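Accompanying notes for the structure given below.
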Amino acid sequence: MIRKKEESLGRMVSILHRIGQSHLGKMLEPYNIGAGQIAFLAELLLGDGISQDEVASNFRCNKATAARAIQHLERYGYVERRQSVNDGRVKKVFVTDKAREFQPVLFSFLEEWTDTLFEGFSTEERELALRLLHRIVKTASKVRTGEGAYSKSDKVI
């Protein structure tokens, strides 16, 4: 049972997300990349040539959100959509040379932010925090896809 606001994981994650989006958004504004596109571009830089639907699935977001982010990145020359050679109804998303040249800058900003968040943490604490967050995301993903459900005690089962 949550007794204090600080015990709400959802609240704390939401605050952290908003602070990070604001911080990174300001840093990337000169590059025409908004807070809503940062994660999508980073994901595509690590593995492009996937469909918009796959992008949405990777982020566990709806297709419209992914489409808007990709459209923005395309408008500013960071990605391009091409017809799939296997299925003409599907468009695959590819990063451009501009995005590849920008990759070190983007990843530097993301790494700096991560280092800032983990300031004062030991290596072991940092690794533990990341492992625990991965477990939380995995559990949340199961609930979202219907593989898990909420019980009356609000625990994921």
Side-chain angles (χ1 to χ4, degrees), residues 9-118 126-151 154-157:
L9 176 64
R11 181 176 187 275
M12 301 308 288
V13 168
S14 177
I15 291 169
L16 177 61
H17 177 72
R18 280 180 285 148
I19 293 169
Q21 292 295 88
S22 175
H23 174 72
L24 291 168
K26 285 177 189 168
M27 293 177 77
L28 293 168
E29 192 173 3
Y31 303 97
N32 294 309
I33 297 174
Q37 295 87 45
I38 297 167
F40 290 95
L41 181 55
E43 177 84 5
L44 288 164
L45 283 164
L46 295 173
D48 67 346
I50 60 176
S51 72
Q52 261 182 214
D53 288 356
E54 290 171 299
V55 172
S57 177
N58 289 351
F59 276 97
R60 295 154 183 93
C61 69
N62 64 47
K63 293 176 186 178
T65 300
R68 281 190 300 275
I70 291 166
Q71 184 179 34
H72 181 94
L73 291 169
E74 188 174 38
R75 183 180 318 124
Y76 288 99
Y78 290 101
V79 301
E80 61 184 24
R81 289 181 270 195
R82 296 185 221 143
Q83 216 71 34
S84 169
V85 292
N86 298 329
D87 185 346
R89 299 168 296 171
V90 175
K91 287 196 175 185
K92 301 281 186 169
V93 184
F94 295 87
V95 295
T96 62
D97 290 341
K98 177 180 179 176
R100 290 273 175 229
E101 291 168 13
F102 180 67
Q103 183 173 349
V105 174
L106 176 63
F107 285 12
S108 171
F109 286 153
L110 295 173
E111 191 173 316
E112 281 177 31
W113 179 238
T114 300
D115 289 344
T116 297
L117 294 176
F118 283 116
R126 182 177 176 147
E127 290 171 359
L128 176 61
L130 289 171
R131 276 198 318 273
L132 293 172
L133 285 170
H134 280 280
R135 281 180 56 194
I136 291 168
V137 167
K138 186 176 178 180
T139 300
S141 295
K142 286 180 183 178
V143 171
R144 186 170 189 268
T145 60
E147 295 174 38
Y150 290 106
S151 73
D154 292 334
K155 291 185 180 178
V156 178
I157 57 172

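All values reported here derive from a predicted model rather than from experimental measurement.
Taking all atoms of both residues into account, the shortest heavy-atom contact from Ala129 to Phe118 is CB-CE2, 3.8 Å. When all heavy atoms of Ala69 and Phe40 are compared, the pair lying nearest together is CB-CD1, 3.4 Å. Nearest approach of Ala56 to Ala66, heavy atoms of both residues: CB-CB, 3.8 Å. Here the closest non-hydrogen pair linking Leu24 and Phe109 is CD2-O, 3.9 Å.
In this structure, Thr114 contributes its side chain and Leu110 its backbone to a donor-acceptor pair below 3.5 Å. Distance alone, capped at 3.5 Å, is enough to place a donor-acceptor pair between the Arg100 side chain and the Leu45 backbone. Looking only at distances, a side-chain donor or acceptor of Gln37 sits under 3.5 Å from a matching main-chain atom of Gly34. One N or O on the side chain of Thr116 and one on the backbone of Glu112 form a donor-acceptor pair closer than 3.5 Å. Ser22 places no side-chain N or O within donor-acceptor distance of the main-chain N or O of Arg18, the cut-off being under 3.5 Å. In this structure a side-chain-to-backbone donor-acceptor pair under 3.5 Å is present from Arg60 to Asn58.
In this structure, Leu44 and Ile50 have side chains that are in contact, with non-hydrogen atoms separated by less than 4.5 Å. Counting only heavy atoms from C-beta outward, the side chains of Leu117 and Leu16 approach each other to under 4.5 Å. Counting only heavy atoms from C-beta outward, the side chains of Ile70 and Val79 approach each other to under 4.5 Å. Considering only heavy atoms from C-beta on, Arg11 comes within 4.5 Å of Ile15 through its side chain. A heavy-atom distance below 4.5 Å is found between the side chains of Leu41 and Phe102.
Lys92 contributes atom NZ, which lies 10.5 Å from atom CG of Asp48 (distance to the nearest 0.5 angstrom). With rounding to the nearest 0.5 angstrom, the CG atom of Leu28 is 10.0 Å from the CD atom of Gln21. If you take CD1 on Ile33 and OH on Tyr78, they are separated by 4.0 Å, rounding to the nearest 0.5 Å. Rounding to the nearest 0.5 Å gives a distance of 12.0 Å between CZ of Arg89 and OG of Ser51. Rounding to the nearest 0.5 angstrom, the gap separating the OH atom in Tyr31 from the NZ atom in Lys98 is 11.0 Å. If you take NZ on Lys91 and CZ on Arg82, they are separated by 12.0 Å, rounding to the nearest 0.5 Å.
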* To do: Decide side-chain hydrogen bond (donor to acceptor under 3.5 Å, both in side chains) for Thr65 and Asn62; before the verdict, give the C-alpha distance in whole Å, the side-chain angles of both, and the deciding distance to 0.1 Å.
  => CA-CA 6 Å; Thr65 300; Asn62 64 47; 2.8 Å; yes

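Counting non-hydrogen atoms of other residues, nucleotides and ligands closer than 6.0 Å to CG of Asp97 gives a total of 12 or fewer. Within a 6.0 Å radius of CD in Glu29, no more than 12 heavy atoms belonging to other residues, nucleotides or ligands are found.
Between Asp115 and Arg126 there is a salt bridge, with a side-chain nitrogen of the basic residue lying less than 4.0 Å from a carboxylate oxygen of the acidic one.
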